[in-house]
Colleague: 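Handing you this structure, nothing more for now.
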2 protein chains.
Amino acid sequence: MRVTKQQAAQNREKILISAASLMRERGIASVGMDALAEAAGMTHGSLYSQFGSKERLAEEAVRQALVENARNTSDVSDIGTYVSRYLSRKHCDAPGDGCALAALVSEMPRSSQTIRDRFTHGVRAMIEHVSGLMHARSARQRDDAAIAAVATMVGGLVLSRAVNDDKLADRILSATRSSLKASATS
Amino acid sequence: MRVTKQQAAQNREKILISAASLMRERGIASVGMDALAEAAGMTHGSLYSQFGSKERLAEEAVRQALVENARNTSDVSDIGTYVSRYLSRKHCDAPGDGCALAALVSEMPRSSQTIRDRFTHGVRAMIEHVSGLMHARSARQRDDAAIAAVATMVGGLVLSRAVNDDKLADRILSATRSSLKASATS
DNA sequence: ATTATCTATAGATCTATAGATAATGC
DNA sequence: ATTATCTATAGATCTATAGATAATGC
């Protein structure tokens with residue numbers, strides 16, 4: 001049942017992409033190798049021959065999710081668009097395709113150093129992106145404003161996903177959006 | 001090995017308090033009944049005779065954690081103090097004694113309805129408390145400002161706990177603190 | 001007699017590995 | 001000959017239950 005090198009590389013990509021999505025949806029620790037294998041359309045034995053361990057697969061899947069995030073937001077060049085997209089119903093309802101920081105942030109205190117390092121790098125990347133969209137005079141002020149904006153976006157998104165009431169979720173999204181837009185114009 | 005009714009009630013309290021703390025530290029799903037029993041100084045069989053299932057224990061432990069939160073913040077009557085305490089190094093380093101919303105928020109999308117209902121109630125309670133400390137004219141404006149402040153606090157805290165770099169963690173805490181204090185005086 | 005707790009264990013699930021299979025790659 | 005994948009299974013862990021124990025509560 002051996003496949004071509006090319007096919008094996010494609011399978012690896014497929015595993016990574018589906019794992020990056022599934023881990024954001026269900027959590028790294030909570031999702032099993034069987035579920036990850038099924039999502040990729042293979043048996044779990046194949047995941048082990050490709051990655052060796054769940055930890056290794058998780059490391060690569062976190063990298064994959066962060067790369068997807070960077071790619072999906074690279075076209076955004078103004079803070080209003082960034083905030084509107086991030087704090088949208090669509091983003092709220094699609095954790096598997098959404099921000100890896102919001103999806104994985106709570107697991108980081110219990111994650112390995114390698115995974116936390118990659119996550120931390122992703123946090124810095126998001127802060128730098130948002131900082132570049134800020135209008136404050138000094139770089140320090142822009143960074144501080146960006147950090148606060150990132151915290152508000154991540155907090156607003158995870159809270160809107162957590163609550164068991166759609167109206168409250170929408171209220172959280174709209175209140176955080178308008179707060180960020182008000183502070184951006186001041 | 002039977003104990004008095006009073007002792008049994010005390011044991012139940014002890015289990016609840018240590019479970020509320022351990023679940024905030026390690027996550028509801030990630031902590032096992034053995035670990036919860038050990039933390040309470042009992043065997044896991046005792047936890048089952050007291051609560052029947054892990055789900056039931058988790059439901060009560062989430063309630064316990066939210067009650068503790070309400071009690072710990074009931075004395076705070078100005079927004080500056082609230083923000084300073086919430087976004088402090090001390091709070092960041094003590095998830096087991098800290099805000100249940102920040103500790104459990106990411107698990108809620110995968111939690112039972114009962115647990116999510118209690119969590120949602122806790123979110124409303126925090127918003128209402130913070131709203132009462134806001135200076136805006138209308139109730140609607142105060143609520144919106146409170147929601148945004150809660151999102152910034154929760155986001156800032158979970159991000160500072162997640163990153164693998166103490167300097168960045170401190171920067172996140174201080175930037176979110178100053179952002180919230182600036183918006184409170186405007 | 002009732003019951004809070006403990007011990008032992010069942011059954012499910014999870015990570016991981018060994019060995020077989022079958023097709024590629026040299 | 002090498003290797004990507006699959007099958008079968010080991011070993012650990014996790015939730016849960018049955019039955020024993022021993023002291024309370026009526």
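Numbered from 1 within each chain, the chains take letters A, B, ... in sequence-line order.
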Colleague: Does the side chain of A:Thr81 come under 3.5 Å of the side chain of A:Asp78 through a donor N or O and an acceptor N or O?
Modeller: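 Side chains of A:Thr81 and A:Asp78: pair found under 3.5 Å.
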Colleague: Show me the dot-bracket string of DNA chain C, counting Watson-Crick or G-U pairs under 3.5 Å, with | for pairs to another strand and [ ] for crossing ones.
Modeller: ||||||||||||||||||||||||..
Colleague: To the nearest angstrom, how far is B:Arg12 atom CZ from C:dT5 atom C1'?
Modeller: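 Those two atoms, CZ and C1', are 15 Å apart.
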Colleague: Can you tell me the distance, in whole Å, between the CD atom of B:Gln10 and the P atom of C:dA4?
Modeller: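 After rounding, the gap between these two atoms is 14 Å.
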Colleague: Does any part of the side chain of B:Ile15, heavy atoms only, come nearer than 4.5 Å to the side chain of B:Leu36, both counted from C-beta?
Modeller: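 No, side chains not in contact.
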Colleague: Using a 4.5 Å cut-off on heavy atoms from C-beta on, say whether the side chain of B:His91 contacts that of B:Arg161.
Modeller: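 When only atoms from C-beta onward are counted, B:His91 and B:Arg161 do touch, with a gap below 4.5 Å.
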Colleague: Using whole Å, what does the distance between atom C1' of nucleotide D:dA4 and atom NZ of A:Lys14 come to?
Modeller: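 Checked: the NZ to C1' distance equals 15 Å.
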Colleague: Could you verify whether a donor N or O on one side chain and an acceptor N or O on the other, from A:Asn72 and A:Glu68, lie under 3.5 Å apart?
Modeller: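 The answer is no; no qualifying pair exists.
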Colleague: If I take atom NZ in residue A:Lys5 and atom P in nucleotide C:dG25, what distance separates them, rounded to the nearest angstrom?
Modeller: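 Result: 7 Å.
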Colleague: What's the closest nucleotide to the side chain of B:Thr4 if the choices are C:dC6, D:dG25, D:dC6?
Modeller: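 Nearest to the side chain of B:Thr4 among the choices is D:dG25.
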Colleague: Hey, does the side chain of B:Gln50 come within less than 4.0 Å of C:dA4's phosphate (OP1/OP2), counting only N and O?
Modeller: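 So the side chain of B:Gln50 is outside the cut-off, no N or O lying under 4.0 Å from OP1 or OP2 of C:dA4.
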Colleague: State which residues pass side chain to side chain donor-acceptor pair (under 3.5 Å) with A:Arg56; sequence neighbours excluded, sorted by chain then number.
Modeller: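 A:Arg56 satisfies side chain to side chain donor-acceptor pair (under 3.5 Å) with no other residue.
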Colleague: With the sugar-phosphate defined as primed atoms, P, OP1 and OP2, and the base as all remaining atoms, what B/S/- string results for nucleotides 10-22 of chain C, 5' to 3', for protein heavy atoms under 4.0 Å?
Modeller: -----SBB---BB
Colleague: Side chains of B:Glu107 and A:Ser106: any donor to acceptor distance under 3.5 Å?
Modeller: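 Short answer, no.
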Colleague: Regarding B:Ser131 and B:Asp143, is there a side-chain donor-to-acceptor distance under 3.5 Å anywhere?
Modeller: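 Present: a donor and an acceptor within the cut-off.
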Colleague: Rounding to a whole Å, what distance do you find between B:Gln6:CD and D:dA23:C1'?
Modeller: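 After rounding, the gap between these two atoms is 16 Å.
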Colleague: Just so I know, are the side chains of B:Phe119 and B:Ser111 near enough to count as touching, which here means a heavy-atom distance under 4.5 Å?
Modeller: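 No. Closest side-chain heavy atoms not under 4.5 Å.
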